[in-house]
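Okay, structure first, notes after.
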Amino acid sequence: MENIRVRFAPSPTGYLHVGGLRTALYNYLFAKRNSGKFILRIEDTDQSRYVEGAVENLINALKWAGLEFDEGPDKDGGFGPYFQSQRLDIYNKYAAELVEKKNAYYCFCTPDRLTTLRDEQKSKNLQAKYDKHCLSLSDAQIKDNLDAGMPFVIRLNVPIGEKIVFNDIIRNRVEFDTATIDDQVLIKSDGFPTYHLANVIDDHLMEISHVIRGEEWLSSTPKHVLLYNFFGWEIPLFAHLPLLLNPDKTKLSKRQGDVAVEDYRAKGYSPEALVNFVALLGWNAGDDKEFYYMDELIEKFSLDRVNNSGAVFDIQKLNWLNTEHFRKLPKDSLLNQLKSDIANSEFNDKKYSEEYLSLVIDSMIERVASTKEILEKSPYFFSDPISYEEESKTKNWKPETPELLSELAKRFSLLEEITNKHDFEKPLKELAAEKGIGAGKLIHPLRLAVSGMSTGPGVYDILYIIGKEKTISRIEKAVKAI
RNA sequence: GGCCCUAUCGUCUAAUGGUUAGGACAUCGCCCUUUCACGGCGGUAAUAUGGGUUCGAAUCCCGUUAGGGUCACCA
């Protein structure tokens, strides 16, 4: 294939949807795999939906996910501008050409008439469609209306009784009857184009070779085909991607959980995991491999192997992948992440050495899926416990416990040089043997005393990491508090 | 409702006319472990349905059913 150019063309609604991320990713992978160009185009033709900072958010989210675009805002490749709101002249020029050729026409119908028409059609269970009322206007009438400053739109003049057939890489042959296609508005009364017009013109002008987008666009594709034909332009190859679904199989939506890439980022999911996960939602290489890095995805990706049915966004599988990716992270990036999480936490006023944090990571890595979770699951590495788990208290804290722990603290205080966790194990085992009790009788209350919790790394690990002083002071505190 | 798309374990999927229908996540059980995890081993679990075509169908064709998308001066 030559001159592969694909685009991700979101409208700036405020955040990047995970479905959008998947669409962007497939475009990106396809471009990279085929030495093509990945273009970002902002479809901001709806003035009423303008959201402050949306474009920045979008670009940041893409960057975070590792999807660097080759052309787009602030990165001109000779096909700009990449904001549709800056290309109004172009759309108007082409719309005029269509009107000239009678492939489009002025429409002066009021919103009132349109709603009445639609209601009527709906009540008769008919498809809501414009009735071509203004198509019969004479040139003189149109000129009069225009001169009188009447608001107008420009509509696509869909021919009657034709079949529109196109080929989709994923769905193969798709056919529509023009009788089922509405005379779509191309230019709105505010002078802005609708998606359909702007999209077709830009894809042509930007020399897009493959239109890879969500399946929700499949039913408006015949309108686009019609436009390409009217202009006499070559039609790009289409690939309509299966939708991402809620657990109840409806189109993935905000109502049923997190849908923005930023939400997952904020929760501690890594970009590698999220990318890996959405890549597999609707595509696989044909083998059993499930763990991928971006470069491997690029190497393996092909549109031929994209599925044709919708895929449920299964958070459990994402969690698993996130864990897998987390465990493979190099030590220094774990360290950096943990430091930045601490800086953003309640513990941000304290200082911890890299050696210390490194030990914390080693002890927790098998128990968490993000550095953020280390803070949540083992706060005792960052400050003294302020409360003690009730359930563990009733289970492990017996009348004789304070005395036993005090004795244990005394023996710990005698420890001179501590080089590893076993230095703490010895006195505990000895005490247990002397008292004729199982080590568990000491281990469980000890864990509760120093951590406030009943789960976590081995007690000796905890003691070794927090050190002798803290161990003793926490035991003393617990003896008084419980 | 019209039009369009889709249909393999609960979920993501493999098997492109011949397999005991495979893997992964989840789930369950056992082992490891004086906690929680990790890990190891094993189990439960699917071709929506009815017809064709064929020696042979998850796979090809038709119908049915179910789900989804779309029917805006939103993208």
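Chain letters run A, B, ... following the sequence lines, proteins first and then strands; every chain starts at 1.
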So what does [X] touch, heavy atoms closer than 4.0 Å: a base, only the sugar-phosphate, or nothing?
X: A/Arg305; result: sugar-phosphate
X: A/Phe176; result: sugar-phosphate
X: A/Gly458; result: base
X: A/Ser454; result: base
X: A/Pro193; result: sugar-phosphate
X: A/Val153; result: base
X: A/Ser189; result: base
X: A/Pro457; result: base
X: A/Val459; result: nothing

If you measure from the [atom1] atom in [N] to the same atom in [M], how many Å do you get, rounded?
N: B/U35; M: B/G43; atom1: C1'; result: 27 Å
N: B/C5; M: B/A14; atom1: C1'; result: 23 Å
N: B/G52; M: B/A72; atom1: P; result: 43 Å
N: B/U16; M: B/U11; atom1: C1'; result: 24 Å
N: B/U8; M: B/U13; atom1: P; result: 9 Å
N: B/C32; M: B/G40; atom1: P; result: 16 Å
N: B/C60; M: B/G2; atom1: P; result: 27 Å
N: B/G22; M: B/C9; atom1: C1'; result: 12 Å

Out of [options], which has the shortest distance to the side chain of [X]?
X: A/Pro111; options: B/C73, B/U11, B/C38; value: B/C73
X: A/Arg367; options: B/C74, B/A7, B/A37; value: B/A37
X: A/Gln184; options: B/A72, B/A37, B/A75; value: B/A72
X: A/Val312; options: B/C36, B/U34, B/C12; value: B/C12
X: A/Leu114; options: B/A26, B/C38, B/C73; value: B/C73

From CA spacing to verdict: side chain to side chain donor-acceptor pair (under 3.5 Å), A/Thr371, A/Asp341: CA-CA 7 Å; A/Thr371 48; A/Asp341 286 334; 2.5 Å; yes

Separation of [X] atom [atom1] from [N] atom [atom2], in whole Å?
X: A/Asn307; N: B/U11; atom1: CG; atom2: C1'; value: 14 Å
X: A/Asp288; N: B/G22; atom1: CG; atom2: P; value: 12 Å
X: A/Leu318; N: B/A24; atom1: CG; atom2: C1'; value: 14 Å
X: A/Glu290; N: B/G23; atom1: CD; atom2: P; value: 12 Å
X: A/Leu404; N: B/U34; atom1: CG; atom2: P; value: 20 Å
X: A/Asn319; N: B/U27; atom1: CG; atom2: C1'; value: 15 Å
X: A/Leu281; N: B/A14; atom1: CG; atom2: P; value: 12 Å
X: A/Phe277; N: B/A26; atom1: CZ; atom2: P; value: 12 Å

What's touching nucleotides 65-71 of chain B from the protein side, N or O pairs under 3.5 Å?
residue : atom : partner  : partner atom : Å
B/G69   : OP1  : A/Lys251 : N            : 3.4
B/U70   : OP1  : A/Lys251 : NZ           : 2.9
B/U70   : O4'  : A/Ser219 : OG           : 3.3
B/U70   : O2'  : A/Ser219 : OG           : 3.3
B/C71   : O2'  : A/Ala128 : O            : 3.4

Does [N] have a Watson-Crick or wobble partner in any strand here, with both distances under 3.5 angstrom, and which is it?
N: B/A24; result: B/U11
N: B/G1; result: B/C71
N: B/A58; result: none
N: B/U47; result: none
N: B/A37; result: none

Taking for each residue the nucleotide of RNA chain B with the nearest heavy atom, is it A/Asp177 or A/Gly310 whose nucleotide lies nearer the 5' end?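 By nearest-heavy-atom nucleotide position, the 5'-most residue is A/Asp177.
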
Which residue, A/Lys188 or A/Arg171, contacts RNA chain B at a nucleotide closer to its 5' end, judged by nearest heavy atom?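 By nearest-heavy-atom nucleotide position, the 5'-most residue is A/Arg171.
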
With a 6.0 Å cut-off (strictly less than), is the heavy-atom count around NZ of A/Lys331, excluding the residue itself, greater than 12? yes

Roughly how far apart are [X] [atom1] and [Y] [atom2], rounded to 0.5 Å?
X: A/Tyr130; Y: A/Cys109; atom1: OH; atom2: SG; answer: 3.0 Å
X: A/Leu243; Y: A/Arg22; atom1: CG; atom2: CZ; answer: 8.0 Å
X: A/Leu16; Y: A/Asp263; atom1: CG; atom2: CG; answer: 11.0 Å

Check the angle between the aromatic planes of A/Phe301 and A/Trp283 and answer parallel, tilted or perpendicular using the 30° and 60° thresholds.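 It falls in the tilted class, 30° to 60°.
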
Look at the rings of A/His224 and A/Trp217 and say which category their plane angle falls in: under 30° parallel, 30 to 60° tilted, over 60° perpendicular.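 Judged by the thresholds at 30° and 60°, the geometry between A/His224 and A/Trp217 is tilted.
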
For a quick test of reading the model: is some side-chain N or O of A/Thr45 closer than 4.0 Å to OP1 or OP2 of B/A75?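 Checking B/A75 against A/Thr45, a side-chain N or O does come within under 4.0 Å of OP1 or OP2.
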
Taking only side-chain N and O atoms of A/Asn284, does any of them lie within less than 4.0 angstrom of OP1 or OP2 on B/A14?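 For B/A14, OP1 or OP2 has a side-chain N or O of A/Asn284 closer than 4.0 Å.
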
Which is it for B/C38, anti or syn, if anything within 90° of zero counts as syn?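 Glycosidic conformation of B/C38: syn.
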
Have a look at A/Phe277 and tell me which of A/Phe313, A/Trp320, A/Tyr264 forms a ring-ring contact (aromatic ring centres under 6.0 Å, His included) with it.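 Of the listed options, the one satisfying the test is A/Phe313.
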
So A/Ser454 and A/Glu389, side chain to side chain donor-acceptor pair (under 3.5 Å) or not? Walk me through it. CA-CA 7 Å; A/Ser454 60; A/Glu389 242 175 57; 2.7 Å; yes

Check: A/Lys317 side chain, B/A26 base, donor-acceptor under 3.5 Å: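 When only heavy-atom distances are counted, A/Lys317 does not reach the base of B/A26 through any donor-acceptor pair under 3.5 Å.
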
Least distance between heavy atoms, A/Pro73 atom then A/Leu40 atom: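 A/Pro73 and A/Leu40 have their closest heavy atoms at CD-O, 3.6 Å.
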
Looking only at side-chain N and O atoms, does A/His444 offer a donor or acceptor that is under 3.5 Å from a partner on A/Ser392?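 Their side chains do not contain a donor-acceptor pair, so the 3.5 Å distance test is not met.
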
